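Lettering of chains follows the sequences in order, A, B, ..., and the numbering in each one begins at 1. Everything numeric here is computed off the predicted structure, so don't read it as measured data.
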Amino acid sequence: MLEVKGLRKSFGPLAAVDGVSLRARAGEMVGLLGPNGAGKTTTVSMIAGLLRPDAGEVLIAGRPLGGDTDPAKRNIGLVPQQIALYEELPAGENLALFAALYGLEGSAGRRAIGSALDFVGLADRGKDRVATFSGGMKRRLNLAAALLHDPELLLLDEPTVGVDPQSRNAIFDNLEALKKRGKALLYTTHYMEEAERLCDRLVIIDHGKVVADDTMHGLYRLLPAANMLSVELDEAEDGAGLDALRRLPEVQSLEKRGAGLRIGVRELAATPKVLAWLLDHGYSYQHVASERADLETVFLSLTGRSLRD
Amino acid sequence: MYTAWKALVRKDVRLFFANRRAVLMSVVAPIAMASFFGYLFGGNGGQPEATRIPVLVVDQDGSPISRGIVARMSGDKALVLMPAGMEQAREAVRKGKATVAFVIPEKFGEIAARAFFGNAAKPEIALLYDPTHGAEMGMVQGILSGHVMEAVSQEAFGGPGSSRLVKDSLADLDKNSGLPPDLKPSLTAMLKAIGQWNAQSQGRPGASQAGLTVPFGTRTEAITSGTGIPYNGYAHYFGGMGVQFILFVGIEVGMGLLLQRREGLWSRLRAAPLSRSVLLGSRAASAAITSMFILVFMFAFARVVFGVRIQGSLPGFLGICAAFSLMTAAFGLLIAALGKTPEATRGIAILGTLLMVMLGGAWVPTFLFPQMLQKLTLAVPTRWAVDGLDAMTWRGMGFSASLGPMAVLVGFALAFGALAVARFRWEE
């Protein structure tokens with residue numbers, strides 16, 4: 001549905017987007033992940049036709065996006081990062097305006113508005129002014145405004161910023177439902193847990209460049225240690241006796257902090273073998289815990305800096 | 001495309017009326033200000049009481065002549081005369097409680113009467129005035145001159161001291177070596193004739209009214225749209241204040257676009273398959289409609305409450321309103337095109353607007369400007385709007401008089417619009 005090839009955009013000497021390529025198929029949600037200023041919004045703006053790229057190409061359903069009035073823009077639904085609604089007008093009037101921008105009026109418009117309000121759970125609030133809505137309700141209406149013309153591709157630019165957990169879950173349910181309907185979704189965020197929960201594939205972007213493009217499973221494979229064992233020894237070990245543990249093929253890393261050990265292993269299945277080695281070599285322990293690496297770890301490993309930087 | 005255009009225009013108009021503060025500022029405030037200024041400067045026909053000038057008089061002479069001057073000044077309809085002491089008068093003028101004070105010095109009557117027939121030293125009447133009221137001072141000076149002339153001449157021709165005055169004047173004439181010898185007999189004969197007149201007229205009814213008087217009266221006629229139709233001061237100020245506050249609507253158009261950009265609404269609008277002319281054109285159209293509504297509503301109010309009539313061409317009036325509304329819409333787009341942030345732009349836009357309003361004659365009529373400035377202000381669109389509205393309302397001009405202002409305003413609208421489109425930042 002969406003194919004982006006070698007997009008570039010500079011603002012003065014700053015290369016905001018530097019050769020970004022990605023794709024999103026029908027029924028797929030692709031996460032565009034990166035810290036603030038990485039180039040996510042600029043990329044989305046170019047895909048939506050708001051910014052003209054210096055180089056590269058955006059293909060929607062196989063054809064490039066033309067000028068301002070290109071009918072292909074009907075295939076795109078944009079959910080801006082800001083709550084792009086007229087607060088003084090009722091929700092229904094907001095949607096009526098945005099429907100009219102795509103030529104929907106009369107009964108077709110009313111159907112689209114009713115369906116969109118229903119989809120985001122605001123069917124009974126259509127006559128209320130947006131100013132009276134909670135932050136979560138505004139975010140849901142912000143999503144509804146992008147669905148009126150039933151686009152095949154949804155561009156969601158950090159659609160859950162400042163939203164309470166309940167509304168966030170409601171939005172997640174909406175997005176999963178859209179995915180099931182066969183929509184392609186490009187979801188920019190710097191919330192790792194959102195990306196992990198929702199996205200089929202992740203494109204990690206930093207300083208305007210794609211540093212990884214894979215499924216979650218594929219990204220974990222990029223890590224030297226996808227699982228971390230924390231072991232609390234009965235006694236602190238200061239000698240070099242534990243260094244032999246590094247030679248086990250299952251062990252990717254070893255970190256000693258007094259009586260505490262942090263042992264990186266590629267697969268969780270290696271845990272019994274590591275624990276048996278410790279006992280066999282006289283290292284008794286009281287407490288063992290394991291944790292899986294997350295996207296933060298992946299990002300740190302790929303870029304050397306935190307996602308929240 | 002028309003569906004989108006219509007929806008965008010309707011949305012802007014809805015937003016304007018949904019914002020009570022905006023409506024208050026754009027409709028109620030100009031009506032209140034125009035009503036105030038209209039009342040101050042002419043009302044709807046009669047002369048307001050405020051035009052009577054408060055004047056203090058310090059009579060240090062107390063002679064029949066000075067008392068006559070005071071009596072005549074008291075009877076003048078343009079003045080409110082009050083007696084005062086010297087220090088009291090000076091203090092009152094300094095504090096702004098009186099506009100002018102005049103001081104009749106001691107022996108004024110005696111010296112003035114002698115100076116009347118000869119070239120004796122002339123006495124001075126001091127005029128103390130508030131420097132912010134120079135025009136009123138000039139008016140009082142003129143009125144005073146007339147009354148002094150009448151009082152002094154009346155004393156010379158039949159007053160109680162007129163016989164002695166003639167004798168003294170004849171004596172002065174004998175001593176006066178400055179007068180050409182061949183003129184002395186004529187003047188001597190005239191003074192003797194006056195003495196004879198005084199002797200014969202003493203005690204005769206009506207004779208005491210003799211003397212020099214201002215030999216003419218005046219009749220005033222305000223040239224308005226027609227004979228017998230009084231000038232309505234509200235007409236000018238409803239036009240002027242309407243122009244000012246509609247330009248504020250233009251500022252809000254610009255601010256609105258800048259805020260839409262910040263709030264992501266512009267992205268949402270640009271993401272739709274709409275041309276740039278629809279996006280900007282709809283904003284201009286809604287601004288023009290709103291402006292037109294404000295002008296028409298204001299004049300409808302003025303018609304009902306203050307009796308302001310479109311004495312000239314109604315189509316011409318509506319044409320000027322429409323042309324100025326278009327110009328305002330283009331002005332708003334230009335603000336949005338040149339501005340970067342709403343905060344930084346608002347102050348500059350307000351300053352520019354107030355300058356245009358001031359130079360356009362909305363506050364002070366342009367005929368009070370110096371000649372050079374009157375010519376320069378022809379380059380300001382508001383001047384054409386104010387003059388055009390005046391022409392179509394109280395001046396009662398025909399449709400042809402509206403064509404010039406309309407053409408200039410549409411020209412400004414096109415120029416502002418073209419510049420706005422050229423400089424508009426389409427990309428985020």
> Should A:R125 and A:D128 count as an ion pair when the cut-off is N to O under 4.0 Å?
Replying inline: yes

> Is the closest basic N to carboxylate O distance between A:R74 and A:D150 below 4.0 Å?
Replying inline: no

> Using non-hydrogen atoms and a limit below 4.5 Å, what part of residues 338-353 of chain B faces chain A?
Replying inline: none

> Would you say the side-chain atoms of A:Y86 and B:E263 include a donor-acceptor pair closer than 3.5 Å?
Replying inline: no

>> Checking the side chain of A:K40 only, and the main-chain atoms of A:L33 only, is there a donor and an acceptor separated by less than 3.5 Å?
In response: no

>> Quick check on A:A72 against chain B: is it the side chain, the backbone, both or neither that has a heavy atom closer than 4.5 Å?
In response: neither

> What's the spacing between A:L97 CG and B:L269 CG if we round to 0.5 Å?
Replying inline: 7.0 Å

> Do the numbers put B:R276 on top of the ring of B:F424, so that NZ or CZ is under 6.0 Å from the six-membered ring centre and no more than 45° off the axis?
Replying inline: no

>> Is A:Q81 close to chain B through its backbone or its side chain, or both, or neither, when contacts mean heavy atoms under 4.5 Å?
In response: neither

> Side chain, backbone, both or neither: which part of A:P90 has a heavy atom under 4.5 Å from chain B?
Replying inline: side chain

>> Counting only heavy atoms not in A:R52 (residues, nucleotides, ligands), do more than 12 fall under 6.0 Å from its CZ?
In response: no

> Below 6.0 angstrom between ring centroids: does that apply to B:F245 and B:F248?
Replying inline: yes

> Is the backbone N or O of A:L153 less than 3.5 Å from a side-chain atom of A:N75, with the two atoms forming a donor-acceptor pair by type?
Replying inline: no

>> Which one wins on heavy-atom pair count under 4.5 Å against chain B: A:L155, A:T42, A:N94, A:L78?
In response: A:L78

> Taking only heavy atoms into account, what residues of residues 13-34 of chain B are found under 4.5 Å from chain A?
Replying inline: B:R14, B:L15, B:A18

>> Take a 6.0 Å sphere around CZ of B:F297 and say whether it holds more than 12 heavy atoms from other residues, nucleotides or ligands.
In response: no

> Do A:L186 and A:D157 come within less than 4.5 Å of each other through their side chains, counting heavy atoms only?
Replying inline: no

> What distance separates B:W384 CH2 from B:L389 CG, expressed to the nearest 0.5 Å?
Replying inline: 13.5 Å

> Is it the backbone or the side chain of A:A145 that comes under 4.5 Å from a heavy atom of chain B, or both, or neither?
Replying inline: both

>> Less than 4.5 Å to any heavy atom of chain A: does that hold for the side chain of B:L8, its backbone, both, or neither?
In response: both

